[in-house]
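See below for the structure under consideration.
Residue numbers run from 1 in the order of the sequence given.
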Amino acid sequence: MILLLGASGYIGGAYQRFFAGRGISYRAGDRRKHDYLQREGLRRLVDEVRPEFLINAAGYTGKPNVDACELFKMECLEGNAVFPGLVNELCAETNTPWGHVSSGCIFTGSRPDGSGFREEDAPNFSFRQNNCSFYSGTKALGEEILREAPQCYLWRLRIPFNHIDHPRNYLTKVMSYARLLDARNSLSQLDDFVRATWECWSRRLPFGIYNMTNPGAITTREMVELIKKSALGARSQVKGKEFSFFADEEEFMKVAAKTPRSSCLLDSGKLTRLGVKMDEVHEAVEQALARWEAAS
């Protein structure tokens, strides 16, 4: 039995679809029955389910984007740093192995040689550098709290997307925003991410940090070109749309954002070397566009 926290969210929903499709027994944590954000409620839930493995997909990202985290700092800190620490304590007490959905947004840029950051690299977009959004700062703090956790996977998700139209889907965002910032990033195809995280556990890979991104990197302009070339480009949602770009990040910050954004490259070679494969990022984007399911 798998215990899934944060099951009602964007990431949690993808886990539920995956488990249902594979016939994997799981229990979605229900905060109406057990307020698992509190220690007593989480303990009751864990004692009731007695999971073989726990997945924490809960977190605070802000709506419609991370700018909201600047207004709700207490909720952001509790969801991204305090709560993972609480889960870790309970899992240690009950000897429950678990996985935590972290974020690649604790980095900015790339390594000095232009390659992606590796799991052993220290975050450079965090409160310690005083250069980050509040969201990224709390996610980095959450990793600090969990770094020595003995039976824990830290799975770094980075700008999720897939073939299902959704406000949290990066493809949906690119197609709907009035103006875009061109940046080169590592991305995570959401369903690929969920499958790969499950393989970490099902294949009993060593616990620790994993960059769960599709190999390669892609720019916003490359995304736009792939959208235009796809069958989706001829549909009413984007047909004839003039994709407009900010001149640079400075203009973006002046006009459209309240807090700095992370644009970065992550190296997912560790995962690949251990035999867990994810599609190359351009191929993953093309596949998502080919299978696109518009919101009803």
Residue pairs involving residues 242-253 (criterion side chain to side chain donor-acceptor pair (under 3.5 Å); sequence neighbours excluded)
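Non-adjacent pairs meeting side chain to side chain donor-acceptor pair (under 3.5 Å): R179-E251.
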Pairs flagged by side chain to side chain donor-acceptor pair (under 3.5 Å) wherever residues 75-88 is involved - sequence neighbours left out
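Qualifying pairs: N80-T138.
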Name each donor-acceptor pair under 3.5 Å that joins a side chain in residues 50-62 to protein atoms two or more places apart or in another chain, with its distance.
unit_1, atom_1, unit_2, atom_2, d
E52, OE2, R204, NH2, 3.3
N56, OD1, A58, N, 3.1
N56, ND2, H100, ND1, 3.0

Could you grab the distance from atom CG of D165 to atom OG1 of T172, nearest 0.5 Å is fine?
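Between atom CG of D165 and atom OG1 of T172 there are 4.0 Å.
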Interatomic distance, W155 atom CH2 to I209 atom CD1 [nearest 0.5 angstrom]:
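Nearest 0.5 Å value for the CH2-CD1 distance: 13.5 Å.
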Would you kindly confirm whether I2 and V101 end up in one hydrophobic cluster when ILVMFWY residues are joined by side chain heavy atoms under 4.5 Å apart?
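Yes; tracing contacts between hydrophobic side chains, which count when under 4.5 Å, links both residues.
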Under the salt bridge (charged side-chain N to carboxylate O under 4.0 Å, His left out) test, which residues partner R184, sequence neighbours left out?
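Residues passing salt bridge (charged side-chain N to carboxylate O under 4.0 Å, His left out) with R184: none at all.
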Residues that, via side-chain heavy atoms closer than 4.5 angstrom, fall in one hydrophobic cluster with L266
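Joined to L266, directly or through intermediates: I106, F107, F117.
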Could you tell me whether the side chain of E286 and the main chain of L226 form a donor-acceptor pair under 3.5 Å?
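Checking the backbone N and O of L226 against the side chain of E286, no donor-acceptor pair under 3.5 Å is found.
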One pair to check against salt bridge (charged side-chain N to carboxylate O under 4.0 Å, His left out): R221 and E225. What are the steps and the verdict?
CA-CA 6 Å; R221 290 185 185 274; E225 289 306 310; over 6 Å; no
Residue pair L289 / V285, side-chain heavy-atom distance below 4.5 Å:
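Yes, their side chains come closer than 4.5 Å.
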Please tabulate, one pair per line, all N/O donor-acceptor pairs under 3.5 Å involving side-chain atoms of residues 8-25, not counting sequence neighbours.
unit_1, atom_1, unit_2, atom_2, d
Y15, OH, T197, OG1, 2.7
Q16, OE1, Y26, OH, 2.8
Q16, NE2, A7, O, 2.9

Pick from N211, N185, N214, T213: which one makes a side-chain hydrogen bond (donor to acceptor under 3.5 Å, both in side chains) with R158?
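Result: among N211, N185, N214, T213, N185 is the only option passing the side-chain hydrogen bond (donor to acceptor under 3.5 Å, both in side chains) with R158.
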Closest heavy-atom contact between D279 and A284?
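Nearest pair, atom of D279 first, then A284: CB-CB, 4.2 Å.
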